[in-house]
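Note sheet for the following structure.
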Protein chains: 2
Amino acid sequence: MATIGDVARVAGVSRSTASYVMTGRRTMSPATQERVREAARSLGYTPNAGARALATKQTMVIGLLAQFLEDEFAPAMLQYITGVTGTARELGYDTLLVSEPDGAHALKRLTDSRMVDGVVLLNVAHDDDRLPVLRATDVPGVLIGLPGDPSGLDVFDLDFAESGRMMVEHLAALGHRELALVTQPEHVVARGGAYVWRLLDAAQEEAHRRGLRLHAVPGASGQPQIGQDLHALLDTHPAVTGLLLHNEAAAAALPSVMYARGLQAPRDLSVVGRYSDEFARTFSLPFSSIESAPDRLGQLAVRRLLHRIGAPGDGSPPQVLLLAPELVDRGSTGAPAPR
Amino acid sequence: MATIGDVARVAGVSRSTASYVMTGRRTMSPATQERVREAARSLGYTPNAGARALATKQTMVIGLLAQFLEDEFAPAMLQYITGVTGTARELGYDTLLVSEPDGAHALKRLTDSRMVDGVVLLNVAHDDDRLPVLRATDVPGVLIGLPGDPSGLDVFDLDFAESGRMMVEHLAALGHRELALVTQPEHVVARGGAYVWRLLDAAQEEAHRRGLRLHAVPGASGQPQIGQDLHALLDTHPAVTGLLLHNEAAAAALPSVMYARGLQAPRDLSVVGRYSDEFARTFSLPFSSIESAPDRLGQLAVRRLLHRIGAPGDGSPPQVLLLAPELVDRGSTGAPAPR
DNA sequence: CTGAAAGCGCTTACAG
DNA sequence: CTGAAAGCGCTTACAG
């Protein structure tokens, strides 16, 4: 591989001059510039990333710390990943994807060894053990997912509480009086999925405020079981006219369950979910839903991170940004049938 | 951040001695060793990855070049990614995930700048434009996916031809005489998905050899359309008793289509698919299938790559490894109903 | 058993 | 407008 020294020699200039031409950090006579560029071209010169990183203290790489949890829905996960890597690349950064089970350890490894200029934490849990590591390092980091204590951190997440309220509000406005909410399985909450009860609590509260009944039930994350869960739910609460889904497996399974029971939305049952449009398309889900916008969250997070990297300690305070939910109308809700 | 110089000073030894202790590449008196280790511990020393890479010419990072194609099924994609990153990490490597649309350009960037010690190419097309770049560099690389011309390259893929034969064979042995095969949409073939016709051709041939009828039809990659495609197929060929699926969307949609038509497997229709067990679980698919083993392919590919990195030009010839298909029996095939 | 020195390939103050 | 030199933080022949 050609080095900057080779380029300099071929162009007949000093290494520093060659370097300045490549980085463009100095005005240079057009003639010299051209000679250097031509030399670089003819040698197929590309700067050695490691050497450059050592000299500039910038790797132009960010770390993406993901956790591939069981029962996690793959499509959503992949969307976060593509959102982050895509945005990073557009802005000149590559992405190191790390998914070790021991996230705290992985984070420490990346930051201590200066492999990356910053990190994005995915799947942030309520009491995430990566946060102490992040707080202790001077490598900038941003979170996708709101932890219990976000103090001092930049956080991006969907506003789950507002989402819960919005779902209830929407059905209440249509005249529904009895609702059911299918949430994630309990072990998802147990491992730190606080978003589950953030949505749930807000929905309960809103229902209470409006004098509605709301039955909240956890559902399985896999199909054979979730189908039965849905049947059981509808058997147990025959007066329910509005169904809220905060469980992707439930959303995927519901069409066949409804088909089996001869139910149509919104004629017999109004349905509103909470998942991404991409997810809806993959599974061709006919239900209105609150968009979870994983790509947008990834993009926002990366932009913020690069700002932190570019302007370390610029005084702008850490910020928790909760994305306002948007309801994508797919026509699955309407007034309840008269009875 | 502490450097090796800091460690040396605190331990009262030279930098080289400190380095030798850290790398373990020289025998050392236990006393010195302990002093150095203690100094490193107290300073929280971790070697700077960039500096180490510059000195050793090893980054301990591999590049994973993925293409996020439209209509690609996310679950499968994520499995390849986790297979590669997981195996790499186990063996001491981190993974740089790159998914730019211009794969050839991305590959050139990674290899020219020596950001990685080797690369894994995912989604390899029949005439993949990344291959010339890979052949031109001395950075080792392996492919997941068989291209039209694999000469000189290490390739890992499922044996799609054998898979096609196996599916036909399996149903033929049960007594089926008329089969249908739902393949990927035409544009997947058009963009280089040679595996589609590798399976198809072999299936056709095997059917012909056994005197069976085999209707091959492309199916859409999304749900609203693929459901109609399946209905149309069953309407058009009422004598079909065995259905082969080489299309994940079709597999996901089939249960509800069969339900709608009052069909049960294997009573009314024998079904065998070609997808991963993970995929089957996510969608709770009740059909027997040929395992596509994305995690295993990822693992094999990384192991091979690291072998190439560790032993460059050791003379062992490049190898195309086609994984022998295995049929996972989920009880969806049986003898055709007597008519 | 250990150290002084060179070198990996860049960038960038410092000088002219 | 350009160059010689120092330095980034490691590793590793070379010497003793």
Side-chain angles (χ1 to χ4, degrees), chain A residues 1-37 39-40 43-61 92 109-117 138-139, chain B residues 1-37 39-40 43-61 92 109-117 138-139:
Chain A
M1 282 273 91
T3 72
I4 189 87
D6 299 328
V7 173
R9 184 156 26 75
V10 169
V13 298
S14 72
R15 298 198 310 157
S16 58
T17 297
S19 175
Y20 280 119
V21 171
M22 301 312 297
T23 61
R25 299 179 77 78
R26 186 139 95 175
T27 53
M28 197 69 63
S29 82
T32 323
Q33 251 182 71
E34 190 38 49
R35 282 220 312 290
V36 171
R37 281 192 208 296
L43 292 167
Y45 170 74
T46 309
N48 178 296
R52 173 172 278 182
L54 187 57
T56 62
K57 302 188 170 309
Q58 288 196 61
T59 63
M60 301 308 280
V61 174
R109 185 165 54 79
L110 289 201
T111 54
D112 279 358
S113 66
R114 303 282 142 170
M115 295 183 75
V116 296
D117 295 338
D138 58 340
V139 174
Chain B
M1 281 274 92
T3 73
I4 190 86
D6 299 328
V7 174
R9 186 155 25 74
V10 169
V13 299
S14 72
R15 298 197 310 157
S16 57
T17 297
S19 176
Y20 280 120
V21 170
M22 301 312 298
T23 61
R25 300 180 78 78
R26 184 138 96 175
T27 53
M28 199 67 64
S29 83
T32 322
Q33 250 183 70
E34 189 39 48
R35 282 219 313 289
V36 171
R37 282 193 206 296
L43 291 168
Y45 170 74
T46 308
N48 178 297
R52 173 172 279 182
L54 188 57
T56 61
K57 303 191 169 306
Q58 289 196 64
T59 63
M60 302 307 281
V61 175
R109 186 166 54 79
L110 289 201
T111 54
D112 279 358
S113 66
R114 303 281 142 170
M115 294 183 75
V116 297
D117 296 338
D138 58 339
V139 174

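All chains are named by letter (A, B, ...) in the order of the sequence lines, taking the proteins before the strands, and each is independently numbered beginning at 1. Below, each value reflects all heavy atoms present in this structure, side chains not excepted, and no hydrogens, waters or symmetry copies.
Put simply, the side chain of B:Arg109 does not reach to within 4.5 Å of the side chain of A:Thr46, judged on heavy atoms. Within the 4.5 Å cutoff, the side chain of A:Arg37 has heavy atoms near those of the A:Val21 side chain.
Think of the region where chain B sits on DNA chain C: with heavy atoms and a 4.0 Å cut, that region ends 5' and 3' at C:dC1 to C:dG9.
Across every non-hydrogen atom of B:Arg15 and B:Ile4, the tightest pair is O-CG1, 4.0 Å. When all heavy atoms are compared, the tightest approach of A:Gly12 to A:Arg35 is O-NH2, 3.9 Å. Across every non-hydrogen atom of B:Met28 and B:Thr17, the tightest pair is SD-CG2, 3.9 Å.
Using a 4.0 Å heavy-atom criterion, one finds that A:Arg25 contacts the sugar-phosphate atoms exclusively. Across all strands, A:Ser19 comes closer than 4.0 Å to base atoms (heavy-atom distances).
Contacts between residues 26-36 of chain B and DNA chain C, defined by a heavy-atom separation under 4.0 Å, are made by B:Arg26, B:Thr27, B:Met28, B:Ser29, B:Thr32.
Evaluated for a side-chain contact (heavy atoms from CB on, under 4.5 Å) with B:Arg9, the options B:Val13, B:Val7, B:Asp6 yield exactly one hit, B:Asp6.
A distance of 6.0 Å separates CE in B:Met115 from CG in B:Leu110, rounded to the nearest 0.5 Å. To the nearest 0.5 Å, atoms CG (B:Asp117) and OG1 (B:Thr111) are separated by 12.0 Å. Considering CZ of B:Arg114 and CZ of A:Arg52, their distance stands at 15.5 Å, rounded to 0.5 Å. Atom CG in B:Asp112 sits 11.0 Å away from atom OH in A:Tyr45 (nearest 0.5 Å).
Taking the nucleotide of DNA chain C with the nearest heavy atom to each of A:Tyr20 and A:Ala2, the more 5' of the two is matched to A:Ala2. Along DNA chain C, the nucleotide nearest to A:Gly50 and the one nearest to A:Ser16 differ in position, and the one closer to the 5' end is contacted by A:Gly50.
Among the duplex regions that DNA chain C forms, those built from at least three successive Watson-Crick or G-U pairs under 3.5 Å are C:1-3 with D:14-16, C:5-12 with D:5-12, C:14-16 with D:1-3, ordered by first number.
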